[in-house]
Protein chains: 2
Amino acid sequence: MSDWREFEQNPVSHSAAHHLTTIQWLLDDQGYARVSDVARHLGITRGSVSVTLKGLRQRGLVVEDDHKHLSLSEEGVQIARGIRTKRVLIQALFREVLGVPDEVAEQDACKVEHLISDQTAEATGGFLVGLEKISSDSQWTHLLESLQRLAAATPASFPGSATQELALRLEKKDPQGEDQPS
Amino acid sequence: MSDWREFEQNPVSHSAAHHLTTIQWLLDDQGYARVSDVARHLGITRGSVSVTLKGLRQRGLVVEDDHKHLSLSEEGVQIARGIRTKRVLIQALFREVLGVPDEVAEQDACKVEHLISDQTAEATGGFLVGLEKISSDSQWTHLLESLQRLAAATPASFPGSATQELALRLEKKDPQGEDQPS
DNA sequence: TCAACATGTTTGGGCTGCCAAACTTGTCGG
DNA sequence: CCGACAAGTTTGGCAGCCCAAACATGTTGA
């Protein structure tokens, strides 16, 4: 329990992460990004964006063009890409593996993208790559599909009885949890 | 226009979530919970806890015993259990499926526990239950293990080349150029 | 040329959540 | 009975982020 607030020492806050990824997205999409564009996309006021970006400029993550056009510094690009990659991976994990509807997967991924460790993100990537490689094996895909159905089976409420029961077991054997019902 | 700040309208904030689960943990562990215990456990001052708990009391989530002993209301228990369950499930997902070391899995789970939707949490539960059921079939466990190895293979840095490549593909094939930076 | 409009910035406020420090209580050993 | 200490509360500050509103600028169409 050393650091439950560890996310607070993240390179960028939740808010900053969204500012950066938004700028990058705007650049990709329309070739330029201004304060107003960012504000519109994030659904906040220009004033708020202006202030936040002032900070990000000072931190060297955002650069302002000669004519109020925004772009990202090398470091800014690095951070934005990392976060974006994490979002896509987590979203795919939830969607492809757990069978969660894409919109929900995206929302959840969006909420946690900047919190997931590099290690878990990388593991997600590795897992998905492996999954892709064996996706030609129909036996496996059948299994995965039935697991997905099972996963998405209870649209009712959380926590369902089976889930609750599993969670209790997981909690109990917390010490050295192995997945063996043996 | 899915709101990227959606987490802000959660029933409880990140901070509140930790206060609640801490009280529950303390009750389970030592049979009682006081302001000082919660403060110690969270690594913040008694003053902060005192103020926060005053709010949670007013919201009817926390109850104060006759002698400064804290406990949770019915609703408080509900919320705390839900969050705790989510943490355990996500942690297990990362550990058992992705092959992430338990400490890392716990840290990540801890950071996102209160953000994950009920639907994704339930799907995680369903998936793990299904996985458990077929864990006797060595064919699948072997497959899973090799996937885990693949997942955890690159302890190096994030994002690894394969992961990066996958992420790019995932991003590309996103149906609509992703109209919502969400 | 000039009013109208879009854009960017600044400022004052609010809310959450943390700390430090002063204060209040309650309990216990001498 | 009293001093000391642990526990709880209150208060003033600070930081992050958001809004609203007043301003400053720049572009444009009539």
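Below, chains carry the letters A, B, ... as their sequence lines are ordered, and counting in each starts from 1.
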Inset, instruction - Could you list all the side-chain hydrogen bond (donor to acceptor under 3.5 Å, both in side chains) pairs where at least one residue sits in residues 46-57 of chain B, not counting sequence neighbours? - result: B:Thr45-B:Ser48, B:Arg57-B:Glu64

Inset, instruction - Round to a whole Å and report the spacing from CG of A:Asp65 to P of D:dG26. - result: 16 Å

Inset, instruction - Could you tell me whether A:Gln30 atom CD has more than 12 heavy atoms of other residues or ligands within 6.0 Å of it? - result: yes

Legend entry - Set of residues satisfying side chain to side chain contact (heavy atoms under 4.5 Å, CB included) with respect to A:Val88, sequence neighbours excluded: B:Leu170, B:Glu171

Inset, instruction - Could you name each residue pair satisfying salt bridge (charged side-chain N to carboxylate O under 4.0 Å, His left out) that touches residues 20-40 of chain B, not counting sequence neighbours? - result: B:Asp28-B:Arg84, B:Arg34-B:Asp37, B:Asp37-B:Arg40

Inset, instruction - Output the single nucleotide from D:dA7, C:dC19, C:dT9 whose closest atom is nearest the side chain of B:Ser48. - result: C:dC19

Inset, instruction - Using the test side chain to side chain donor-acceptor pair (under 3.5 Å), find all partners of B:Asp118 that sit at least two apart in sequence or belong to another chain. - result: B:Lys86

Inset, instruction - Could you check whether A:Val49 gets within reach of a base, just the sugar-phosphate, or nothing at all, counting any heavy atom under 4.0 Å? - result: nothing

Legend entry - Contact letters for nucleotides 21-27 of chain C, in which S counts primed atoms plus P, OP1 and OP2 and B counts the base, heavy atoms under 4.0 Å: -------

Inset, instruction - Return no unless some side-chain N or O of A:Lys54 is found under 4.0 Å from OP1 or OP2 of C:dG8. - result: no

Legend entry - A:Gln164: partners by side chain to side chain contact (heavy atoms under 4.5 Å, CB included), with sequence neighbours left out: A:Pro159, A:Leu168, B:Arg81, B:Thr85

Legend entry - side chain to side chain contact (heavy atoms under 4.5 Å, CB included) involving B:Val63 - partner list, sequence neighbours excluded: B:Ser71, B:Ser73

Within the sub-3.5 Å range, which N or O atoms of nucleotides 12-14 of chain C have a protein N or O partner, and how far apart are they?
none

Legend entry - For B:Ala17, all residues meeting side chain to side chain contact (heavy atoms under 4.5 Å, CB included), sequence neighbours excluded: B:Val12, B:Ile83, B:His114

Legend entry - Nucleotide nearest A:Ser36 when distance is taken to its side chain, options D:dT10, C:dT7, C:dT9: C:dT7

